[in-house]
Amino acid sequence: MINKVNMVIQKKTIVAKGTLEFVLKNDFISHHATPGQFLHILIDGLTLRRPVSITDLDKSSGEVTIVFKIVGEGTKKLATYEPRQSIDVIGPLGNGFDIKDTHQKTVLLIGGGIGIPPLYHLGKRLVENDAKIISILGYQTKESVFYEREFQALGDTYVVTNDGTHGYQGLVTDVLSKVGSFDTFYTCGPTPMLKAVKERLSNVDGSISLEERMGCGIGACLACVIPTSDGEGYRKICQDGPVFHAKEVNLS
Amino acid sequence: MINKVNMVIQKKTIVAKGTLEFVLKNDFISHHATPGQFLHILIDGLTLRRPVSITDLDKSSGEVTIVFKIVGEGTKKLATYEPRQSIDVIGPLGNGFDIKDTHQKTVLLIGGGIGIPPLYHLGKRLVENDAKIISILGYQTKESVFYEREFQALGDTYVVTNDGTHGYQGLVTDVLSKVGSFDTFYTCGPTPMLKAVKERLSNVDGSISLEERMGCGIGACLACVIPTSDGEGYRKICQDGPVFHAKEVNLS
Amino acid sequence: MNLSVNLPGLSMKNPIMPASGCFGFGHEYSSFFDLSTLGAVMMKSATKYERLGNPTPRVAETSSGMLNAIGLQNPGVVKIIESEVPFLATYDTCVIANIAGSSVEEYEYVAKSFNQTDHVDALELNISCPNVKEGGIQFGTDPYMAAYVTETVKKATNLPVYVKLSPNVTDIVAIAKAVESAGADGLSMINTLTGMRMHLPSQKPLIANKTGGLSGPAIKPIAIRMIYEVKQQVSIPIIGMGGIASAEDVLEFILAGANAVAIGTANFNNPLICPEIINELPNVLNKYGFNSINEAVGKGIIHEPADISSS
Amino acid sequence: MNLSVNLPGLSMKNPIMPASGCFGFGHEYSSFFDLSTLGAVMMKSATKYERLGNPTPRVAETSSGMLNAIGLQNPGVVKIIESEVPFLATYDTCVIANIAGSSVEEYEYVAKSFNQTDHVDALELNISCPNVKEGGIQFGTDPYMAAYVTETVKKATNLPVYVKLSPNVTDIVAIAKAVESAGADGLSMINTLTGMRMHLPSQKPLIANKTGGLSGPAIKPIAIRMIYEVKQQVSIPIIGMGGIASAEDVLEFILAGANAVAIGTANFNNPLICPEIINELPNVLNKYGFNSINEAVGKGIIHEPADISSS
Ligand SMILES: Cc1cc2nc3c(=O)[nH]c(=O)nc-3n(C[C@H](O)[C@H](O)[C@H](O)COP(=O)(O)OP(=O)(O)OC[C@H]3O[C@@H](n4cnc5c(N)ncnc54)[C@H](O)[C@@H]3O)c2cc1C
Ligand SMILES: Cc1cc2nc3c(=O)[nH]c(=O)nc-3n(C[C@H](O)[C@H](O)[C@H](O)COP(=O)(O)OP(=O)(O)OC[C@H]3O[C@@H](n4cnc5c(N)ncnc54)[C@H](O)[C@@H]3O)c2cc1C
Ligand SMILES: Cc1cc2nc3c(=O)[nH]c(=O)nc-3n(C[C@H](O)[C@H](O)[C@H](O)COP(=O)(O)O)c2cc1C
Ligand SMILES: Cc1cc2nc3c(=O)[nH]c(=O)nc-3n(C[C@H](O)[C@H](O)[C@H](O)COP(=O)(O)O)c2cc1C
Ligand code: FES
Ligand code: FES
């Protein structure tokens, strides 16, 4: 179920350099959203909505959290919104992570940059499902690190920064050898990272969450497609994804 | 002297239905503006600035007042601005009313609707110049009346509403016969009103302030012209006006 | 307030329809509102065979607009008739099938295919998609080619044919007159204007196809001008589109000469835009003194030469 | 950072100049900033005799743009040379005289007149003003006429000639190539797109001239696309314009193939836009790895057929 709703900003926090957390309130979204789903946000003065993942939610309070980084015109404008303002959202959108077979399994979460937010919501639901969580979180530099403690509360967490100013130095794939064994993985981040992860873990069953420029966000305009690995056509990231089986799609 | 400045909103008041008063602060504008001059206001998201007259100013406090009516997209947006926000303004623009020969003369002010605001600033300067003021103020209806008491403080004031819900019923020209004798007149309002006034007072020396859709606001783009009555060309309302000798320009 | 509009093949309860390519085949938007509220639905362009479309990125934001280069991705006319038309047929709204092709034969084939179903009320010929270059672009910018494809399709179908004009031309009136002479039952205008953006970090065009079609409020004044010009020179009806996002916009198009209108890009901004406009339209017509849509059609046209320059 | 750009007749300290018609003859803006900071100034179009222009309203707001139909109001070339050029000559900036006409003879006359002053560095031929219809419009939309007027003007002047192209055409490359062959020293592109708005209360076109020229950020993607297309087919330099409002916009135009750029509508929004962009440009070039303007020219062009549609 998808709806167009207004979400009132409850709280606005700077969680890292140029990275904001909004706590929004809406019962419809908080009741229907599953991990990996996203919101399509209308920003004043812009033609296209902006897709942002759900980072966390609380069904009882109706609160839904998003974390976003200021990268361009849209996110810059969104960052000027203040508590009590309401934002126009379509959601919850897309197909999230499938967690039904994770009971008592060990699950590796691998997130890079703005790919980290949806993994937090996923991690919480996995813990509820009695899975054991290991997280690898990759950031550019110390100043851009967010949610480190939140992930630590879920399980072992390996932080990696490109410049080594915090945690390990390097890329998320550089610490893969340290995490021990796991049954499955879920990853979200920039495409080069996803490709590297997919290659390194080609013998493990896993899921990846993808990004692409979007129009409608609901599957009608065919803007956000990704070729399937069988060469037989495209899947729509906004509707069939953003989460896919790692083997299902071709990252180029 | 013209400048691009930021003016901080000090106070925001609804003075009549859909009509707002902003008290703005800027020393440059308050020091240089003369009655009849206007500000060219940048409104977020719009391509063209919006011209709005200066209604009042106070050199000592640096406060400049504008009064505007919500008529379209621009004024609607401007009305959402709140105290402490700052607005980007070019000003003071145009040639204002010439008051140097008004010492101890009787001056008739005739304003209609959003043509009334600049006459208030003019009236105050005229009183300082020892002129006697009579005002005729025309509004649509009772709810749209503003600044009645302010004008009464300057001199005899005749209020006219189209529907007779306040003051006299009819048009500003309908009360011209009641005001007694006067030496000169200054008028500002919708073009049909200005034409009627010009016709009725064709044997009196007077000045009229005109409106036209503007581009630059400073005389460079030639958007805002008005034919001269000698048939020899155009004058620019933003730069040569908005105030003209009644006989100088052709109202069509 | 009478919102109904009757055009060849289209007996519509109101003049509002989603534009081709911006509404898929209706499924997704049907979860937001009842499609029966619409005057009609214009389906995504159909080609003879499945088309996979262009690489991504396929869209980009521009000031008051967007670029798209989807590349006519569609499952092919047979699948559309099998799997998509029956869904739309369950709603009480008119269905317009949009046809694209790389050759006259392809247009003819697809048009004939739509004769196989009872649920399509009219055809719209997309002779102007700027993102397909195998020849498609030629149809929309050359009056002879435009007339030729129109004539061929008219012979192949029993359905009324609306020809969708490209704005990327010097003389849109010439194209409009050519397709009218060739038997078009109506026009739909405008398609997108060809545009481009550069991506500074990669120093490459932002859209993988390099150029894309510009749509949205940015192009509205161009659409209104073209409809105004064409209306005075043809007698077939016009479905207007290009940047419409409010009931006031609809009235601007109608005054300029449109008989009905389509809404494209605005659906992405607000999936409820069509029903909201349908709801608001009576108030706007009323405010400006109209009792029906038909009363307002072309009312803004001043019948004298367009130039009043003074020397 | 090296911002200097050398084009025929124009030895400029930076690639930024105000566009014709949006800056008058410089007087008004000179009270906001020192005109010597500019690479060049493009003067308002000059005609043989004084022109009074069109009735008002002459401008209208549109989404991310504006319409104008000034109608080439100007005091005539003699007065411009007498009263306007000397003022600009007091600044350390290049001066480009823009010429409009209703006949080839008028262009020729005005071009010859500008030979009488030492202070004009180049001519810009406005063969594309959509608001003058006595024939002016023909020059801009027909390759033969465009070449003919270019050739005639080239013979009449010693100054380099930049031909300003109209975007209201099917094939801008054909016009560009025609004027290049006719001897044009450079191109300037684009002029405005013809547009219209309806005024709902009066049920008439909002602009007294009915149609007006659309400018501003709305048309930026169209300008970039046209420059990109033309750049690959001509070897004379291009002065780009159309919706530029930031140093990032300038770089988009340069990557697409512009050698320098002009700024029009944005001056109305912000009278300090030209010096602000000049100030910001080194940072933007630097951010994206360039050490000079020339290094970036055309860097965004991918040299292969523009179409990558997949079937
Ligand atoms: C399913 C999904 C979930 C996402 N979740 C998050 C999140 O939780 N936190 C977060 O910070 N970011 C997230 N992103 C990325 C976010 O959508 C972009 O950062 C944002 O759209 C940039 O907008 P802008 O106007 O600031 O940038 P601009 O570069 O000015 O945007 C221009 C256009 O490009 C699109 N665009 C730019 N970058 C991206 C991108 N990476 N992915 C998709 N479209 C893009 C914009 O939506 C817009 O249409 C997500 C993207 C997707 C597709
Ligand atoms: C010199 C001058 C002084 C003015 N002083 C005042 C004042 O003190 N108080 C006040 O309420 N209004 C005043 N106006 C009118 C005011 O400028 C318009 O009401 C305002 O621009 C409308 O903008 P909008 O976006 O709300 O309306 P829209 O109709 O959406 O505006 C569309 C375009 O038309 C222009 N426009 C619309 N109406 C007018 C108009 N009457 N005059 C000029 N341009 C117009 C707008 O500036 C804009 O470019 C003055 C106008 C001028 C020329
Ligand atoms: C994403 C997208 C896809 C489109 N696909 C098609 C199409 O398949 N066939 C077609 O005739 N027009 C297509 N169009 C053009 C629209 O139908 C419409 O003519 C154009 O977008 C102008 O209207 P708008 O400004 O309201 O969007 C598409 C437009 C967009 C934005
Ligand atoms: C008010 C106005 C007047 C213009 N007058 C002229 C003119 O006299 N001659 C000319 O060649 N172009 C003229 N133009 C076109 C501009 O020079 C420029 O080509 C166009 O506006 C696109 O640039 P922009 O989007 O930055 O404004 C005018 C544009 C505007 C907005
Ligand atoms: S964004 Fe429209 S189909 Fe995915
Ligand atoms: S608004 Fe530009 S000259 Fe008056």
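Chain A is the first sequence line, chain B the second, and so forth, proteins listed ahead of strands; every chain is numbered from 1.
- For the atom pair SG (A:Cys216) and CG (C:Asn269), the distance works out to 12.5 Å, reported to the nearest 0.5 Å.
- The stretch residues 75-97 of chain C places none of its residues near chain A, where near means some heavy atom under 4.5 Å from a heavy atom of that chain.
- Heavy-atom neighbours of A:Gln140 CD from other residues, nucleotides or ligands within 6.0 Å: at or below the threshold of 12.
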(request) Tell me, with the steps shown, if C:Thr62 and A:Thr47 meet side chain to side chain contact (heavy atoms under 4.5 Å, CB included). (result) CA-CA 8 Å; C:Thr62 72; A:Thr47 309; 5.7 Å; no

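- The choice from C:Ala266, C:Gly65, C:Pro217 that makes the most heavy-atom pairs within less than 4.5 Å of chain A is C:Gly65.
- The stretch residues 68-87 of chain A places none of its residues near chain C, where near means some heavy atom under 4.5 Å from a heavy atom of that chain.
- Remark: C:Glu280 CD is packed, more than 12 non-hydrogen atoms of other residues, nucleotides or ligands lying under 6.0 Å away.
- Only the backbone of A:Met214 comes within contact range of chain C, with at least one heavy atom under 4.5 Å from a heavy atom of that chain.
- The part of C:Leu206 that comes within reach of chain A is its side chain, from C-beta onward, which places non-hydrogen atoms under 4.5 angstrom from that chain.
- Heavy atoms of A:Asp88 lying under 4.5 Å from chain C are absent altogether.
- For the atom pair A:Cys221 SG and C:Asn68 CG, the distance stands at 8.0 Å (nearest 0.5 Å).
- For C:Thr265, the part lying under 4.5 angstrom from a heavy atom of chain A is the side chain only.
- Smallest separation of non-hydrogen atoms from A:Lys4 and C:Asn270: CE-OD1, 3.1 Å.
- For A:Leu46, the parts sitting under 4.5 Å from any heavy atom of chain C are the backbone and the side chain alike.
- Shortest non-hydrogen contact noted between A:Leu48 and C:Glu61 is N-OE1, 3.0 Å.
- Near-neighbour residues of residues 20-45 of chain A relative to chain C, defined by a heavy atom under 4.5 Å from a heavy atom of that chain, comprise A:Leu42.
- The contact list for residues 20-40 of chain C toward chain A, using heavy atoms and a distance under 4.5 Å, reads C:Gly21, C:Phe23, C:Gly24, C:Glu28, C:Tyr29, C:Ser31, C:Phe32 by residue number.
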(request) For side chain to side chain contact (heavy atoms under 4.5 Å, CB included), just list the numbers for A:Arg49 and C:Phe268, CA-CA rounded to whole Å, side-chain angles, deciding distance to a tenth of an Å, and then say yes or no. (result) CA-CA 7 Å; A:Arg49 289 171 179 259; C:Phe268 306 156; over 6 Å; no

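- Taken to the nearest 0.5 Å, the CG atom of C:Leu67 stands 11.0 Å off from the CZ atom of A:Arg213.
- Here the side chains of C:Thr56 and A:Ile226 are not in contact, with every heavy-atom distance at 4.5 Å or above.
- The structure places CZ of C:Arg58 at 6.5 Å from CG of A:Leu222, a figure rounded to the nearest 0.5 Å.
- The environment of C:Leu272 atom CG is dense: over 12 non-hydrogen atoms of other residues, nucleotides or ligands sit within 6.0 angstrom.
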